[in-house]
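Throughout, protein chains are lettered first and strands after them, A, B, ... in sequence-line order, and every chain is numbered starting at 1. Predicted model only: the values in this text are computed from it and were never measured.
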There are 2 protein chains.
Amino acid sequence: MTEPTGRRERKKAQTRQSLADAALELFLERGYDQVGVKDVADAADVSVTTLFKHFPSKEALVFDQDDDLEAALVAAVRDRTPGQSIPQALREHILLKQTQFAVHTTDPRFADFTRMVQETPALRDYAHRMWTRHEAALARAITEAAGAPEDDISCAALARFALEARGLVLRHAEPNRAADEAFALLEHGWAASRPGS
Amino acid sequence: MTEPTGRRERKKAQTRQSLADAALELFLERGYDQVGVKDVADAADVSVTTLFKHFPSKEALVFDQDDDLEAALVAAVRDRTPGQSIPQALREHILLKQTQFAVHTTDPRFADFTRMVQETPALRDYAHRMWTRHEAALARAITEAAGAPEDDISCAALARFALEARGLVLRHAEPNRAADEAFALLEHGWAASRPGS
DNA sequence: TTCGAAAGTTTAGTCATTGCACTTATTTTG
DNA sequence: CAAAATAAGTGCAATGACTAAACTTTCGAA
């Protein structure tokens, strides 16, 4: 009963996939701004209207799998291994997400993809929004995990900084080292702001 | 010779001002998304194309004075009072900018203005971009001031976090306290990452 | 005074995105 | 199984931000 998929839903999923595939191919080939939604729709052999029934915007065509980032983020903080600090847990989670992502896409074009995202303002901003959208939830999780008062600012700050650190890490040649240093800064600042661990 | 302003340039400046004024008034009255660029152009009695000759985008109508944020930011780090830490200098500079801004606008509608910016996604994002645009320059200034190697990640991280802190501070009821806590976190993290002050 | 450049206008167009009315395929239900 | 309900997909027109091109007016400098 986990897949009560009728023919209808299958076709829908297929159309969606065609669109995402066509979009990725065209964008990588010609560049995001050089491709219109019309081109993508044509390549997937559907109408433009249909495209927008599947994806809320042109940018969304690029970031297909938008699953439960938020839940995972909150869980990373709540269920961290005992003794591990919150900044450390976040560092691990963010690096994990990256490698998962890189592995999941078996395409050797993965490097081209990330480069394209970083070099296209519309996409960079969209990706940024996707992350920061969960800032409030992360802040709440941190507040709870730290047993801090409701509106503690350090917790909100840590949430935002940690999410921002991702962008910093992404564009560096050596992600692991970048993450280590950026989160070391947060780690020490956090420990100092919070006398009782 | 500081103002060799001919009639021509005066008229140009006047047109620009009319546009900015009309835009602000209409936006505050009806809300940003409820006003089209056509409405603004009409209210200023110019054509839409003229509007775009003065402002590169609809959002730019709102943030008229975009002077030398970057130079000021870099100077705040380079010329900080001796003995003051870099995070402290940045905290002061950011709070200063805010109050300067608030005073400069004698309008009692100032509160409405900031509320509107925070509540309109397009404007929030634009303001954010205006700040983060100078991240690279700030990072370079910090690197120099700290005597760190060219690509030191802690410096880049501090630059980004400090700029992000502004958004955090802005939405809080008590900006000073928020700034104190957010920058305290950076202060301690920075000191720890940097053995020799 | 004349001539070029700058400000402004009109017009027409691109591009993402939405609303509406319509067809077609697949379920669901009586 | 035969409707009747549901949902995918289509075409078309429109909005709203923005741009390019060709043209007119107005300064300002030579």
Side-chain angles (χ1 to χ4, degrees), chain A residues 1 3-24 26-27 30-64 117 120-127 129, chain B residues 1 3-24 26-27 29-64 120-127 129:
Chain A
M1 288 304 174
E3 296 182 13
T5 342
R7 169 177 295 150
R8 203 177 198 144
E9 311 192 14
R10 238 177 298 131
K11 285 205 166 183
K12 182 175 179 178
Q14 187 195 344
T15 306
R16 182 192 178 82
Q17 194 58 43
S18 301
L19 282 166
D21 291 348
L24 188 61
L26 288 176
F27 290 161
R30 287 191 242 158
Y32 181 78
D33 291 319
Q34 277 38 255
V35 178
V37 295
K38 178 93 190 320
D39 300 329
V40 176
D42 285 351
D45 204 39
V46 294
S47 73
V48 175
T49 313
T50 297
L51 185 154
F52 280 106
K53 286 235 176 75
H54 284 275
F55 298 91
S57 70
K58 185 184 177 187
E59 292 97 12
L61 282 164
V62 173
F63 301 98
D64 198 1
V117 172
T120 307
L123 292 181
R124 204 182 344 88
D125 290 356
Y126 187 82
R129 267 199 296 281
Chain B
M1 288 304 172
E3 299 184 13
T5 342
R7 170 177 299 150
R8 200 175 206 148
E9 313 192 13
R10 236 177 299 128
K11 286 208 166 183
K12 181 175 179 176
Q14 188 194 345
T15 307
R16 181 191 178 82
Q17 194 58 42
S18 301
L19 282 165
D21 291 348
L24 188 60
L26 288 176
F27 290 161
E29 185 178 317
R30 287 190 242 157
Y32 182 78
D33 291 318
Q34 276 41 251
V35 177
V37 293
K38 177 93 190 317
D39 300 328
V40 176
D42 284 351
D45 204 37
V46 294
S47 72
V48 175
T49 43
T50 296
L51 183 154
F52 281 109
K53 284 230 177 77
H54 286 276
F55 298 91
S57 68
K58 185 185 176 185
E59 291 97 10
L61 282 164
V62 172
F63 300 98
D64 200 0
T120 307
L123 292 180
R124 204 181 342 90
D125 290 356
Y126 187 82
R129 268 199 296 281

Rounded to the nearest Å, what distance is computed from the [atom1] atom of residue [X] to the [atom2] atom of nucleotide [N]?
X: A/Leu19; N: D/dA8; atom1: CG; atom2: C1'; value: 12 Å
X: A/Tyr126; N: C/dA16; atom1: OH; atom2: P; value: 15 Å
X: A/Phe52; N: D/dC12; atom1: CZ; atom2: P; value: 18 Å
X: A/Lys58; N: C/dA16; atom1: NZ; atom2: P; value: 4 Å
X: A/Glu9; N: D/dG9; atom1: CD; atom2: P; value: 12 Å
X: B/Arg30; N: D/dG16; atom1: CZ; atom2: P; value: 11 Å
X: A/Lys38; N: D/dG11; atom1: NZ; atom2: P; value: 10 Å
X: B/Lys12; N: D/dT26; atom1: NZ; atom2: P; value: 18 Å

Inset, instruction - When you get a sec, tell me which of C/dT27, C/dT9, C/dT17 is the closest nucleotide to the side chain of A/Arg8? - result: C/dT27
Counting only side-chain N and O atoms of [X], is one of them less than 4.0 Å from OP1 or OP2 of [N]?
X: A/Thr15; N: D/dG9; value: yes
X: B/His54; N: C/dA7; value: no
X: A/Thr50; N: D/dT10; value: yes

Inset, instruction - Between B/Thr49 and A/Lys53, name the one whose nearest nucleotide on DNA chain D is closer to the 5' end. - result: A/Lys53
Inset, instruction - Specify the residue among B/Arg7 and B/Glu59 whose closest nucleotide of DNA chain D lies further upstream toward the 5′ end. - result: B/Glu59
Describe the nucleic acid contact of [X] in one word from base, sugar-phosphate, nothing, applying a heavy-atom distance below 4.0 Å.
X: B/Val48; value: nothing
X: A/Val40; value: nothing
X: A/Lys11; value: sugar-phosphate

Inset, instruction - Please say whether the positively charged group of B/Lys58, taken as NZ for Lys or CZ for Arg, lies over the ring of B/Tyr126, i.e. under 6.0 angstrom from the six-membered ring centre and within 45 degrees of the axis. - result: no
Inset, instruction - Check step by step if side-chain contact (heavy atoms from CB on, under 4.5 Å) holds for A/Val46 and A/His54. - result: CA-CA 11 Å; A/Val46 294; A/His54 284 275; over 6 Å; no
Inset, instruction - Might you confirm whether atom CG of A/Asp45 has over 12 heavy atoms from other residues, nucleotides or ligands at distances under 6.0 Å? - result: no
Legend entry - Worked check of side-chain contact (heavy atoms from CB on, under 4.5 Å) between B/Tyr32 and B/Val62: CA-CA 9 Å; B/Tyr32 182 78; B/Val62 172; 4.2 Å; yes
Inset, instruction - Could you tell me whether A/Asp42 and A/Lys38 make a salt bridge, using a distance below 4.0 angstrom between a side-chain N and a carboxylate O? - result: yes
